[in-house]
**Student:** 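Sharing a structure here in structure tokens format.
In the text below, chain A, chain B and the rest are named by the order of the sequence lines, each starting its count at 1.
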Amino acid sequence: MPEWILYLLDFLPDWDWLHVLLIALIKVVAIFIPLVVAVAYLPYAERKIIGYMQIRIGPNRVGPRGWLQPIADALKLILKEIIVPTKSNKYLFILAPILAMGPAIAVWSVIPFTDTLVLADINAGLLFVLAVSSIGVYGIIIAGWASNSKYAFLSAMRASAQIVSYELAMGFALVTVLMAAGSLNLREIVLAQSGGLTNWYLWPLFPMFMVYFISGVAETNRAPFDVAEGESEIVAGFHVEYSGMTFAVFFLAEYANMILIATLTSLMFLGGWMSPFGAASDIIILGDGIHWLLLKTSFLLFFFLWFRATFPRYRYDQIMRLGWKVFLPLTIFWIVFMGVMMFLTPWGYLFH
Amino acid sequence: MLENYIPILVFIAVGFMFGAMLIMFGKIFSKLLKVDRPGPAKLSPFECGFDEFEDARMKFDVRYYLVAILFIIFDLEIAFLFPWAIVLQEESVGMFGFVSMMIFLGILVIGFIYEWTKGALEWE
């Protein structure tokens with residue numbers, strides 16, 4: 001090798017670091033691609049499931065039984081004109097969907113899929129999840145502001161107030177999980193629930209499971225808490241001015257967040273990848289594994305869709321009342337209740 | 001320990017780049033296929049077909065602001081509760097930690113009751 005190449009190499013970053021970076025990138029892509037496929041197919045599942053719930057068939061023209069529908073949708077959206085209104089703040093207008101999408105994807109870096117299959121096994125996992133997922137609200141509020149449209153603005157106010165309100169309930173519900181598990185590491189939280197169905201936090205923390213999941217539905221602006229994008233009153237809400245791919249990014253971010261909430265709920269309350277039969281099972285399919293996590297997540301996602309097909313939309317004052325006057329007192333009460341049980345009564349073992 | 005955070009950094013970059021890339025592709029393809037046909041009516045803010053009147057940056061209800069402030073208080077409380085909840089089961093924290101956090105929670109609950117009775121949570 002000529003001298004000058006070696007000379008150049010000195011200026012490049014340390015090869016060890018580059019190596020680490022490359023490995024990380026490969027791992028990231030290995031999580032990212034299935035995630036994107038899942039995000040693309042969730043709307044299809046939604047349309048199919050809600051279709052059958054309403055005694056329709058749902059999309060069935062593109063490909064066998066409509067299986068190619070997400071691809072057709074993506075193609076359509078990518079070819080559409082991107083409208084940037086003249087009165088909008090151009091840069092913020094483009095930045096908003098990116099800010100909504102980034103955190104929805106980034107949170108997946110700390111999600112453990114099985115005991116060993118985890119990209120970044122960090123101690124502050126849950127803190128990272130809480131911190132990054134709350135950045136998502138900036139995307140919404142910036143979109144509403146930058147659009148310079150009345151509907152978008154109203155919706156941004158509604159959505160951000162709603163999201164922060166329910167984030168409190170979620171945060172307090174997480175505190176009870178932490179009290180039981182004694183760790184912020186998501187992998188350790190799941191491992192603390194090992195030993196079959198009865199050891200899941202679902203049972204001792206059942207009210208918190210409900211609070212967390214319902215808050216999750218509200219947090220992602222899904223029906224029945226979707227006043228932020230209520231078609232009948234404020235058209236499409238904060239993304240009323242968005243078209244084509246800019247809209248698609250908001251849409252994908254919402255579905256990525258739905259999958260995330262379902263996954264986090266199954267990790268923290270339903271034992272993650274743990275088998276409900278306990279690890280002792282001889283049949284491999286009944287033992288612990290990623291398939292259980294996927295199954296639990298899909299099960300919870302089904303509820304997201306089911307809610308949408310079943311419940312009428314809440315009024316805004318009802319949403320705020322549920323968040324502030326029901327969930328918040330309930331979660332604070334449960335923290336105190338758990339503490340009292342653990343320290344002042346002999347029944348503290350129920351929560352370990 | 002620190003190298004555990006490199007994949008996270010990469011993931012954050014991938015996440016933001018994914019959004020940016022999609023929008024860029026959308027822009028490029030719509031330009032290539034000449035579907036970009038902006039017009040004054042199309043580029044005006046949507047207002048059910050009417051020309052927009054007044055400024056869209058209008059006055060809004062003060063309660064949104066109130067919610068944001070209350071959120072900060074309670075979110076800080078959560079930030080305090082997180083480390084407490086983790087070490088709660090350790091011997092060294094135990095009863096002392098429990099009692100002190102209950103006092104802290106009690107003070108905040110008094111504040112919560114106050115704002116409730118003051119009607120800060122009413123949305124009628």
Side-chain angles (χ1 to χ4, degrees), chain A residues 20-21 24-25 27-28 32 78-83 85-87 94 97-98 101-103 105-106 108-110 119-122 127 147-151 153 157 161 164-165 168 171-172 175 178-179 182-184 235 240-241 244-246 248-249 316-317 320-321 324-325 332 335-336 339 343, chain B residues 3-8 10-12 14-16 18-20 22-23 25-27 29-30 33 35-38 40 42-48 52 56-58 60-61 63-64 67-68 71 74-75 78 81-82 85-90 94-95 98 101-102 105 109 112 116 121-124:
Chain A
V20 169
L21 213 65
L25 196 67
K27 284 181 181 168
V28 166
F32 179 71
I78 212 165
L79 298 179
K80 286 271 181 183
E81 176 179 0
I82 292 176
I83 297 170
T86 37
K87 289 186 99 183
I94 298 295
I98 300 172
M101 184 51 128
I105 300 281
W108 286 89
S109 52
V110 294
L119 179 65
D121 187 19
I122 58 170
L127 202 61
S147 296
N148 205 349
S149 159
K150 291 193 188 74
Y151 294 113
F153 179 72
M157 298 311 290
V164 297
S165 301
L168 291 179
F172 277 117
V175 170
L178 294 181
M179 283 168 80
S183 171
L184 272 173
V235 209
V240 64
E241 300 290 346
M245 226 45 206
T246 46
V249 171
Y316 196 66
D317 63 304
M320 295 312 262
R321 189 172 67 213
W324 284 95
K325 293 187 175 176
I332 294 176
I335 290 173
V336 175
F343 284 97
Chain B
E3 64 261 20
N4 275 343
Y5 287 85
I6 293 172
I8 295 182
V10 176
F11 218 122
I12 292 173
V14 166
F16 281 96
F18 178 60
L22 283 180
I23 291 173
F25 279 152
K27 195 77 194 161
F29 278 108
S30 61
L33 293 168
V35 289
D36 263 347
R37 291 210 194 96
K42 199 191 262 179
L43 293 184
S44 68
F46 175 74
E47 215 143 293
C48 301
E52 93 270 19
R57 274 83 193 258
M58 52 196 173
F60 60 88
D61 201 320
R63 281 176 295 195
Y64 290 116
V67 163
F71 165 73
F74 281 97
D75 214 34
I78 292 171
L81 279 167
F82 259 47
I86 297 163
V87 294
L88 192 60
Q89 291 177 21
E90 281 169 24
M95 202 58 172
F98 168 66
M101 189 49 89
M102 285 306 120
L105 265 180
V109 165
F112 184 60
W116 191 323
L121 306 176
E122 300 301 326
W123 280 83
E124 254 80 87

**Student:** Name the region of B:Phe71, side chain, backbone, both or neither, that has any atom closer than 4.5 Å to a heavy atom of chain A.
**Tutor:**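 B:Phe71 touches chain A through backbone and side-chain heavy atoms alike.
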**Student:** Can you tell me if B:Phe25 has over 12 outside heavy atoms packed within less than 6.0 Å of its CZ?
**Tutor:** no
**Student:** So for B:Met102, is it side chain, backbone, both, or neither that comes closer than 4.5 Å to the heavy atoms of chain A?
**Tutor:**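 Only the side chain of B:Met102 comes within 4.5 Å of chain A.
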**Student:** In terms of heavy-atom proximity below 4.5 Å to chain B, should A:Phe172 be classed as side chain, backbone, both, or neither?
**Tutor:**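 When you check distances to chain B, atoms from both the backbone and side chain of A:Phe172 fall under 4.5 Å.
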**Student:** Which one, A:Ile83, A:Val110, A:Leu127, leads in non-hydrogen pairs under 4.5 Å with chain B?
**Tutor:** A:Ile83
**Student:** Which region of B:Leu88, side chain (C-beta onward) or backbone (N, CA, C, O), has a non-hydrogen atom less than 4.5 Å from a non-hydrogen atom of chain A, or is it both or neither?
**Tutor:**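 The answer is both parts of B:Leu88.
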**Student:** Below 4.5 Å from any heavy atom of chain A, which atoms of B:Leu33 appear? Answer side chain, backbone, both or neither.
**Tutor:**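 Just its side chain gets close to chain A.
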**Student:** Relative to chain A, which segment of B:Val109 carries a heavy atom at a distance below 4.5 Å: side chain, backbone, both, or neither?
**Tutor:**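 The side chain, not the backbone.
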**Student:** At a heavy-atom distance under 4.5 Å, which candidate from A:Leu25, A:Leu184, A:Leu168 has the highest pair count against chain B?
**Tutor:**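 The option with the most such pairs is A:Leu168.
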**Student:** Parallel, tilted or perpendicular, judged at 30° and 60°: which one describes the rings of B:Tyr64 and A:Tyr316?
**Tutor:**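 Ring orientation of B:Tyr64 relative to A:Tyr316: tilted.
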**Student:** Tell me, out of A:Ile105, A:Ile82, A:Asn148, A:Val175, who's got the most heavy-atom pairs with chain B below 4.5 Å.
**Tutor:**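 Result: the option with the highest number of such pairs is A:Asn148.
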**Student:** Do A:Glu81 and B:Ser30 meet the criterion of a side-chain donor-acceptor pair at a distance under 3.5 Å?
**Tutor:** no
**Student:** Does any heavy atom of chain B fall under 4.5 Å from the side chain of A:Lys325, the backbone, both, or neither of them?
**Tutor:**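 Both backbone and side chain.
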**Student:** Between A:Thr86, A:Val249, A:Ile94, A:Thr246, which shows the greatest number of heavy-atom pairs under 4.5 Å with chain B?
**Tutor:**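 Result: the option with the highest number of such pairs is A:Thr86.
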**Student:** Which one, B:Ile23, B:Ile12, B:Val10, leads in non-hydrogen pairs under 4.5 Å with chain A?
**Tutor:**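 Answer, by heavy-atom pair count under 4.5 Å with chain A: B:Ile23.
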